[in-house]
Enquirer: 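Okay, handing you the structure first.
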Amino acid sequence: MANHKVTTETAGDSARVTVDGVLWMSISDGHITIRLANDGVYVERDEEVNGITIAPYHPRLAYVAPELRDQMRAELGLQ
C-alpha cells in the first residue's frame, strides 16, 4: 500500500480512512463500513483467523507490468 495515499478525517464520534484506489472505511456509532474503490480490488476472507485481506489487485497480478494488468485480469477471469 506504500504507493497509495492514506488520509484520515475525524469529526466528533465519526472517522473516515481512505486508501486511494483501494477503499474507504467509515467508523460511526460503533459501526464500520468498508467500500472498495472498484471491482478490481481483491478481497480474500480467512475464516480460520476471522480476517480479511484487501489488495489493490489480485496477488497473481503483482508481478505483471501495470500496463498489462487489465489484459491479464481478463485472461485469468478476474473481471
Enquirer: Considering all heavy atoms of both residues, which atom of P56 and which atom of V22 are nearest to each other, and what is their separation?
Expert: CB-CG2, 3.9 Å

Enquirer: If hydrophobic clusters are built from ILVMFWY residues whose side chains come within less than 4.5 Å, do V41 and I32 share one?
Expert: yes

Enquirer: Could you give the distance from CG (L68) to CD (E75), rounded to the nearest 0.5 Å?
Expert: 9.0 Å

Enquirer: Do I27 and I52 land in one hydrophobic cluster if side-chain heavy atoms of ILVMFWY residues count as linked below 4.5 Å?
Expert: yes

Enquirer: Does the side chain of I54 reach to within under 4.5 Å of the side chain of L23, using non-hydrogen atoms?
Expert: yes

Enquirer: Using a 4.5 Å cut-off on heavy atoms from C-beta on, say whether the side chain of D46 contacts that of T53.
Expert: no

Enquirer: Taking the side chain as everything from C-beta on, heavy atoms only, tell me whether V43 gets closer than 4.5 Å to L36.
Expert: yes

Enquirer: Same cluster or not: are V6 and W24 linked, directly or through other Ile, Leu, Val, Met, Phe, Trp or Tyr residues, by side-chain heavy atoms under 4.5 angstrom apart?
Expert: no

Enquirer: Just how far is it from atom OG of S26 to atom CZ of R35, taken to the nearest 0.5 Å?
Expert: 7.5 Å

Enquirer: Give a yes/no verdict on a cation-pi contact between R73 and Y57, requiring under 6.0 Å between NZ or CZ and the six-membered ring centre and an angle within 45° of the axis.
Expert: no

Enquirer: Would you mind reporting whether M25 and T33 have side-chain heavy atoms less than 4.5 Å apart?
Expert: no

Enquirer: In Å and rounded to the nearest 0.5 Å, what is the OG1 to NE2 distance from T18 to H4?
Expert: 13.5 Å

Enquirer: For residues A15 and T10, report the shortest heavy-atom separation together with the two atoms involved.
Expert: CB-CG2, 4.0 Å

Enquirer: More than 12 non-hydrogen atoms from neighbouring residues, nucleotides or ligands closer than 6.0 Å to CG on D13, yes or no?
Expert: no

Enquirer: Restricting to non-hydrogen atoms, name the atom on R69 and the atom on L61 that form the minimum distance, rounded to 0.1 Å.
Expert: NE-O, 3.2 Å

Enquirer: Does R45 CZ have over 12 foreign heavy atoms under 6.0 Å away?
Expert: yes

Enquirer: Quick one: pull up CE in M72 and CD in E67 and give me the separation to the nearest 0.5 Å.
Expert: 12.5 Å

